[in-house]
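Computed from a predicted model, the values in this text were never measured in an experiment.
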Amino acid sequence: MTEGRPHEGATTLFVSNHVSWVDILVLGKVIKGACFIAKQEMSGWPVLGYLAGLQRTIFIDRGRRSDAVNQKQELHDRMKEGDNLILFPEGTTSDGARVLPFKSALFGVTEKVMHLHVDEQGHVDELMVQPVTIVYRRINNMPVNRNSLFKVAWIGDMDLGPHLWSFLRLLKVEVEVHFHKPVSRNLFKTRKELATYCHRTVEKRLQDCLRGRRAELSRVTKVDS
């Protein structure tokens, strides 16, 4: 289920919370023609590395500063060519019950492409930024709680193989993707301001949804008892 829609008509950086490797499949389906930004080690992972490659993912090696300039240039080039990008600025996965702080350094890609180009009429084609909130709502037709969320959330150093196998055994997983109002990068003086705005927007929607989920779970428990 989606609420809102992906921004169209201008180059867009989609900024999302990150719960699981499943997020890649979900966002890849609802945001057409966008490229992910992912950590370098993911390129060698079985299954996920292949899927990421199909999405023309840009792999970033955050541990090698010598590659930083080339990697940023590739990001800039992609966006100037009109490619949309999907960023998980937490830099890792969360447990799905909160949004970890967004790393403002990961928004550095926006600084050199704030004004992508000016057309013949003098109109500036601005870089747009659209926050996105992913919420896992139900597993096997039951509202998700902290005890069941681990079946979807891929946290910390969890082994990918067993988690992938466990996920594939689930009968049904319902996920919501909330597309927030897109904003121009030029509205923010610094990337830190942009990161703070995106985090606040994504976190608020997640918590609003979780409060509704807890109320739903409470009603289900009362009926069962």
Side-chain angles (χ1 to χ4, degrees), residues 1-19 21-39 42 51-60 71-91 99-135 175-206 209:
M1 169 185 167
T2 60
E3 180 177 298
R5 61 175 55 186
H7 184 252
E8 298 179 354
T11 303
T12 305
L13 175 68
F14 297 95
V15 179
S16 175
N17 61 315
H18 197 14
V19 182
W21 55 268
V22 185
D23 303 342
I24 298 173
L25 304 179
V26 172
L27 294 183
K29 181 177 180 179
V30 298
I31 304 176
K32 305 300 183 182
C35 308
F36 285 91
I37 304 172
K39 54 187 178 182
M42 183 180 171
L51 292 175
L54 293 180
Q55 297 287 343
R56 298 177 61 229
T57 297
I58 302 171
F59 295 104
I60 301 296
Q71 291 167 348
K72 283 188 176 182
Q73 187 60 50
E74 182 178 2
L75 291 170
H76 297 158
D77 292 344
R78 290 280 191 98
M79 298 186 86
K80 287 180 179 178
E81 291 169 2
D83 287 347
N84 297 322
L85 298 181
I86 301 174
L87 175 67
F88 297 120
E90 291 167 284
V99 180
L100 300 176
F102 284 178
K103 300 180 184 298
S104 61
L106 297 179
F107 288 83
V109 63
T110 66
E111 294 180 336
K112 291 186 178 181
V113 287
M114 291 174 65
H115 300 286
L116 293 173
H117 68 268
V118 180
D119 63 21
E120 295 179 354
Q121 286 72 41
H123 176 264
V124 178
D125 183 10
E126 298 179 307
L127 170 65
M128 301 300 291
V129 180
Q130 185 168 27
V132 180
T133 303
I134 298 177
V135 185
V175 58
E176 293 179 356
V177 181
H178 298 257
F179 290 97
H180 302 279
K181 181 180 178 180
V183 294
S184 169
R185 171 61 180 88
N186 296 322
L187 294 177
F188 304 88
K189 294 180 180 179
T190 66
R191 62 192 185 190
K192 185 175 182 180
E193 287 184 5
L194 175 60
T196 299
Y197 168 79
C198 290
H199 182 272
R200 186 185 300 120
T201 302
V202 173
E203 170 74 10
K204 184 180 186 303
R205 180 60 57 84
L206 176 65
C209 291

### Message
If I take atom NE2 from residue H18 and atom CD1 from residue I24, how far apart are they, to the nearest 0.5 angstrom?
### Response
5.5 Å
### Task
Please report the shortest heavy-atom distance between K181 and P131, naming the atom on each side.
O-CD, 3.8 Å
### Query
V15 and V129: which non-hydrogen atoms are nearest, and at how many Å?
CG2-CG1, 3.8 Å
### Task
For the residue pair L106 and L87, establish whether any side-chain heavy-atom pair is separated by less than 4.5 Å.
yes
### Message
Show the nearest heavy-atom pair for residues F102 and C198, with the distance to one decimal.
### Response
CE1-C, 3.6 Å
### Message
Restricting to non-hydrogen atoms, name the atom on K192 and the atom on S104 that form the minimum distance, rounded to 0.1 Å.
### Response
CA-CB, 3.9 Å
## Note on the structure
Residue set satisfying ring-ring contact (aromatic ring centres under 6.0 Å, His included) with H7, at least two apart, ordered chain then number -> none
### Summary
All heavy atoms of A10 vs all of M128, minimum pair found to be CB-CG, 4.0 Å
### Query
Can you tell me how far the OG atom of S16 sits from the CG atom of L27, to the nearest 0.5 Å?
5.0 Å
### Message
What's the separation between atom CG in N84 and atom CZ in F36, rounded to the nearest 0.5 Å?
### Response
11.5 Å
### Query
Does the side chain to side chain contact (heavy atoms under 4.5 Å, CB included) test come out yes or no for V202 and V132, once each step is laid out?
CA-CA 6 Å; V202 173; V132 180; 5.9 Å; no
### Query
Rounded to the nearest 0.5 Å, how far apart are SG of C35 and CG of L85?
6.0 Å
### Message
Under a 3.5 Å distance rule, please check whether Q130 uses its side chain to pair with a backbone N or O of R5 as donor and acceptor.
### Response
yes
### Query
Does some side-chain heavy atom of E90 sit less than 4.5 Å from a side-chain heavy atom of P101?
no
### Task
Considering non-hydrogen atoms only, spot the tightest contact between R185 and L194 and give its length.
CD-CD2, 3.5 Å
### Donor-acceptor contact below 3.5 Å, side chain E203 vs main chain H199
no
### Task
Mind checking the CZ-CZ spacing from R191 to F107? Nearest 0.5 Å is all I need.
10.5 Å
### Task
Evaluate the ring planes of F179 and F14, with Trp represented by its six-membered ring, and classify them as parallel (under 30°), tilted (30 to 60°) or perpendicular (over 60°).
perpendicular
### Gap between atom CG of L127 and atom OG1 of T11 - 0.5 Å precision
7.0 Å
### Message
I need the single residue from H180, H178, R205 that forms a side-chain hydrogen bond (donor to acceptor under 3.5 Å, both in side chains) with T133. Which is it?
### Response
H180
### Residue pair V26 / V177, side-chain heavy-atom distance below 4.5 Å
yes
